[in-house]
Every structure is written in C-alpha cells, then in structure tokens.
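Every chain is numbered from 1, with letters handed out A, B, ... down the list of sequences.
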Amino acid sequence: MPVSNGDIARIFERYAMLLEIDDANPFRVRAYQNAARVIQGLPKSVADLLGEGEDLTQLEGIGKDLAGKIEEIVRTSRLGKLEALEKRVPAALAELMALPGLGAKRVKLLHEKLEVCSLEDLERAARTGRIREIPGFGPKTEHKVLNAIARRRGREAQLQWVEAEQVAKPLLRELRTVTGVNTVVVAGSFRRSRDTVGDLDILATAGDSTRVMQTFVNYEDVAEIVSSGSTRATVRLRNGLQVDLRVVPEASYGAALQYFTGSKAHNIALRARAAKRGLKLSEYGLFKGRARVAGRSEQEIYRKLKLAYIEPELREDRGEIAAAEQRTLPKLVKVDDLRGDLHCHTNASDGRETMPAMVRGAQELGYEYLAISDHTQRLRIANGLDAKRLRLQLAKIDRLNETLGRFRLLKSAEVDILEDGSLDLPDEILRDLDVVVCAVHYKFELPRKRQTERIIRAMDNRYFNILAHPSGRLLGERDAYPIDMERLMAAAVERGCFLEVNAQPKRLDLTDADCRMAKDMGLKLAISTDSHSAAQLANMRLGVAQARRGWLEAGDVLNAQTWPALAKLLKRS
DNA sequence: GCCGTTTTCGGCCCGACTGTTTTCAGTCG
C-alpha cells in the first residue's frame, strides 16, 4: 500500500506535537506543522513525485532535512526519529494535546506530576481530584478536562458547509437586530468555502460591544458559554458546533475580516510580509509605528502590502501570495458564468420530478441548456434505464425541445462503469447522446491500480465524455475509493474526456486540490449538481465554491461555454 | 527546521481570554 500524503502529514503532525511536549524550538515545531499542511494540500501524491525523481525541496517549507524524512516515510512507512522520540515522550500524549484547553506545557506537567500517559489516565486523575493539586491548575481546569474528554467520546463530526450555513443564518439574523450593530458576517473557513466547517467565526462591528455580546451568549441555541470577554466570546451550540464572535470598531472592520477569515497559514505569511516592510498587521489594522495605514477594508490592506486582492477561497498559503504579488491570480469562476448543468435526474430513474419540472428549474436559473442524465440499467435500485427506455426518453426530449425556443435539453445518461471497465449501455445508443456522463457505483474496494485502470478503460470508449463524482467520497460517510487521480486526469487529457466537480453538499467531489491539479494539467472540468429535484439545481453554488478553491476560471469550466462551443469539446475524434 | 532585494545567521504573527496568580503563563485562533 503506497504511503499517502495524509499518512505523511499525520506523521509530521504527531512528531510536531511530541516535539512541543519535549520543549523543542517552537519554530522547529512549526516547520513540521507547515510541512504537514503543505503535503496535505498537495494534489499529487508525494510518493509519485519521488518516483518521478522530483526534488521535494522545491516545495514550500520543505528543506533538505524534511525532504529526507519524507523519503524515509515513503520508503519505510515510518519515521525513525519519531519512534526514537516516542521512547522518551509517550505517543499517547499527542492525543491529549488535541483536547481543547490542553497544550504542550500542561500535558507535560500532567505527565511528569501524575504520570498521565493516556486519555484514561487523564480521566482518572481528573475524577480523583488530583489535577487541581498541580501548581497552575485548579478545579475549573479539572472540570474542563472532564468535559473535553466526554465530548471527544461523542466526537461530533465537521459540518458540511450547507449545514453550517443553516446554523449561521438565524444566528446572524438575531445579532443584526441588536441596536448599535452595523455589520455581522461569518468569516473563517466558512467564508473560505471549505467543504466542511469545524466552527463558525462571526465578526460584528459596533460602537459598543456590550449589547451584541450579551445577545450572543444568551442566544436560545447556546448550550455552553466557553468564554466571554468584552470583544470576544465563544459558545457551543446544542448541536455541538463551536461559534466565536468578535466585535470590532468600524475602522478595523477590514483588518478584522481579513484576520478572522484566515487561514492561519495565510495570515502568518501575510503578517511576516508586513513585518518585512516595517509594518505590523493585526486584527485592528495595518500599522506603521502607531499610525494605522489601513484597516477599514480588506482591499486596502492587500493594496498597502503591494498585493492584488486575494479572494477568500484562495487564502490557504498555497501560492496565492506570490501570485498576488506578480499579479497572476486567477479570475475565479462565478455562478453567473455558468450556462447550464450537465448532470441531473428525473423520475424516470431515481429523481423526484418530471423532465418538464427540471427544465423549468433550469430556465429559472437563466441556463441555456440542461442535460438529462438518468441512471442506466445496472443500477436497478435507482430504476436505471435500459436501452429501450432510454430510446423513449430521447424521443421525449426531441419533442420537448421543439417547445423550448433557445433553451436546449441535452440527451444524456449517467452510465454505470462496470467492473471490467465496459459501459452499461451499447455504443449504438451512446452514439445518439449529446453528452455521456459515466460513473462508478459499485466495487469501490478494488485496489488502487485496478480501480484506476477500470476507469481508464471506460474512457477508452469513444463516447465517454465526463467522469461523474470521480472519487466516490461521501463526506462523513464514505472515504474516496483508492484511485490514482493524476493518472486518471492524464488519461482524460489524452483521450479528450473530462471530469466532474459534483456539487452535491456531501460529495463536493473532486476536491479543491484535485481541481487545482486538473487546472495545472490543462484539463477542463464540468461543475454539475447531480440534481434529483429542481430545487437541487441551486446547489451549483457549492460546486462553484469548490472550483474557486481550486483556482478555476470560467475558461476551465465546460459548462461555462455556450452549447456550440461545448458540443465541439465533447466531440471525440 | 526553513529561509534570504535589509540576512547563509538570526530571525520566524499577533492579540484576547482564562485560570491561576498577584503580574502572568498557557492556550487558542
């Protein structure tokens, strides 16, 4: 089993935590954390990079030493230094550091004074009242530790972005009613449009923060007030979601929004850039000495740092700052750029609505075209269409198209990719479709190589156009099946096929990093909703957000093209 | 451990809140 980027990142994160407990140089610790983040965000597998003889020190934050350690991990699946360190610092202490309120210093103290080595030890120590006896600890800390352990056992998952939005909306509405409050927005990973959100960071501006703070901590859905000061408070809602509120004066709004939008890595890089220019950047503004030179808007801050404005979706320290400096940032695709949807279902298979209802939905969104791509025969549970039923559907589409004026209904199907890589319908009918969407719906557990080759074989069919939900992941439910995404994309480029960014909230598949790799490889992508009702067509915004995180521009997106242009792209020679 | 149009050595983001303390260290974002 090849070592994945996630494996390497986890080893480095773990090493960083144990180093911190071991009192190592904090910047050395950060170097490992950085490396973990960089590797995690890489679209290509590091193991493959090495196989191709790439020089890993070209990667941001990876020097000679770390490159050597990565090679060691890829070669042996282990890191000798980590194992050596674990002889001195019990490995389980890293678990404890992940508990909120416990950092390296306290974990170390707990270990030294109470011989705590595991979550169980910690719980026992807390229950028997021994934690409060350590200098610097007290009854409150002891209580917090017990709470944190209980929550860890419950382990609330990250929310899908849409779920977070549903929580945020009513809360924002309430905060906006407070007198004296001007602006209330959500910042953080939510504003960066990450596929999942671990907490909500809300930013408000007000002359006087007292009222809005009070409203916040008294919000009906609050289960626990974690902390509350005059400008900042943290609560936990009943569903387990943590929400932070910061209140700043109007003159700091831009700086605060920039700061609370993150990411942390982006901010660190930005602040270092400010410092290099003799400036200081904080959530209150950009300062030269004591004078504030920017702060009212984000645009102003980036401008004063000699950078083009960086869209929130790009702020991950994945090269956006250099691109902003060189004025080479992408002009990110927008929902308005899209002219149609290339993947949806009707009640002929497992959709909930009729074809005309789906058409009306697409027309209301201002689209020029919509592909009807119902499931095919193998997917019995979804009432998949065989060639005969599909023929009838195609005739129906012809008749409907005559009534639709300039709007065009595209003939399509979501064709199952069978285990041997053949397609679930004969060429004689695929030939008559405008766009052939193909997908894997079973045999997810094939080894990486076989799964990859299964799909590439399917692409060999000259009627194959778009691979739907290419990794098969379901957020919080099912991991992506093992697949060599780079090889898949290279095969698609060679054959003139395309991949899909599936916009369903729990799919968002391809990932942001995959989108970035596709762009780098010159592979265009479709952003499709895979709608099973007309209302779901509006999920397009989620897919667009994901694509924006992957640096995609309108020119990189199939369904941002007019139908004649798209038709040309879909024609394989 | 990384990195370099101020540097190959000496830097490495910045501030709020808590709990414990009596002026601050630790943690978090």
Side-chain angles (χ1 to χ4, degrees), chain A residues 12 15-17 19-21 23-38 56-70 81 96-110 131-145 148 187-190 192 198-203 209 213 217 225-235 242-248 252 255-256 258-287 305-306 317 321 325:
Chain A
F12 280 167
Y15 193 53
M17 284 197 264
L19 275 179
E20 210 179 343
I21 296 171
D23 245 347
N25 176 344
F27 297 105
R28 192 171 154 225
V29 173
R30 188 196 280 171
Y32 281 98
Q33 291 167 337
N34 255 332
R37 180 181 55 77
V38 166
L56 296 184
T57 63
Q58 295 303 305
L59 296 173
E60 188 71 32
I62 309 288
K64 253 182 93 179
D65 182 277
L66 283 172
K69 290 196 167 76
I70 294 170
K81 283 268 197 166
L96 304 187
M97 265 186 74
L99 292 174
L102 288 189
K105 298 276 163 52
R106 287 180 161 177
V107 167
K108 190 179 184 194
L109 263 178
L110 286 164
I131 287 183
R132 67 180 71 187
E133 291 163 5
I134 305 175
F137 288 63
K140 286 218 169 170
T141 307
E142 197 170 86
H143 196 69
K144 270 190 164 175
V145 162
S189 56
F190 181 87
R192 301 200 311 279
D199 62 3
L200 284 178
D201 297 291
I202 298 179
L203 175 67
S209 63
M213 277 297 166
V217 297
I225 300 171
V226 180
S227 74
S228 101
S230 60
T231 66
R232 168 181 200 149
T234 300
V235 301
Q242 180 173 305
V243 187
D244 292 346
L245 172 66
R246 289 288 296 248
V247 184
V248 298
S252 299
Q258 193 289 313
Y259 175 70
F260 293 111
T261 297
S263 64
K264 186 174 177 166
H266 176 85
N267 285 354
I268 288 175
L270 215 57
R271 286 175 177 209
R273 184 181 175 87
K276 216 185 253 177
R277 287 171 166 65
L279 302 167
K280 189 185 67 162
L281 179 61
S282 77
E283 57 262 55
Y284 296 108
L286 185 63
F287 295 89
L305 289 172
K306 302 269 187 289
D317 196 20
I321 293 177
E325 184 173 54

Hey, is the side chain of A/Thr141 poking within less than 4.0 Å of OP1 or OP2 on B/dT20, counting only N and O atoms? yes

Reckon A/Thr231 touches a base, only the sugar-phosphate, or nothing at all at heavy-atom distances under 4.0 Å? sugar-phosphate

Of the options B/dG15, B/dC13, B/dT18, whose atoms approach the side-chain atoms of A/Tyr284 most closely? B/dG15

Counter-base of B/dG26, judged by Watson-Crick or G-U geometry with both distances under 3.5 Å: B/dC17

For residues 101-108 of chain A, which side-chain N or O atoms pair as donor and acceptor with protein atoms under 3.5 Å away, sequence neighbours left out?
{"from": "A/Arg106", "atom 1": "NH1", "to": "A/Gly101", "atom 2": "O", "distance (Å)": "3.2"}
{"from": "A/Lys108", "atom 1": "NZ", "to": "A/Asp23", "atom 2": "OD2", "distance (Å)": "3.4"}

Under 4.0 Å protein heavy-atom contact, by nucleotide of nucleotides 22-29 of chain B - B base, S sugar-phosphate only: ----SSSB

Can you list everything that forms a ring-ring contact (aromatic ring centres under 6.0 Å, His included) with A/Tyr15? Sequence neighbours excluded, please. A/Tyr32

So if I define the base as every atom that isn't primed, P, OP1 or OP2, how would nucleotides 1-10 of chain B read as a B/S/- string at a heavy-atom cutoff under 4.0 Å? BSS--B----

On DNA chain B, check which nucleotide each of A/Gly229 and A/Gly138 is closest to and give me the residue with the more 5' one. A/Gly229

Provide the closest heavy-atom pair for A/Glu325 versus A/Arg277 in the form atom of the first, atom of the second, distance. OE2-NH2, 4.0 Å

Side-chain donor-acceptor distances from residues 57-64 of chain A under 3.5 Å, at least two apart:
{"from": "A/Thr57", "atom 1": "OG1", "to": "A/Asp55", "atom 2": "OD1", "distance (Å)": "2.8"}
{"from": "A/Thr57", "atom 1": "OG1", "to": "A/Asp55", "atom 2": "OD2", "distance (Å)": "2.9"}
{"from": "A/Gln58", "atom 1": "NE2", "to": "A/Asp55", "atom 2": "OD2", "distance (Å)": "3.4"}

Gap between atoms NZ and P, on A/Lys140 and B/dT21 respectively (whole Å): 13 Å

Does B/dT5 adopt a syn or an anti glycosidic conformation, taking syn as a chi angle within 90° of 0? anti

Output all residues satisfying side chain to side chain contact (heavy atoms under 4.5 Å, CB included) with A/Gln242, sequence neighbours left out; order by chain, then residue number. A/Asp199, A/Thr234, A/Arg236, A/Asp244

Counting heavy atoms from C-beta on, name the nucleotide in B/dT18, B/dC17, B/dC12 closest to the side chain of A/Arg30. B/dC12

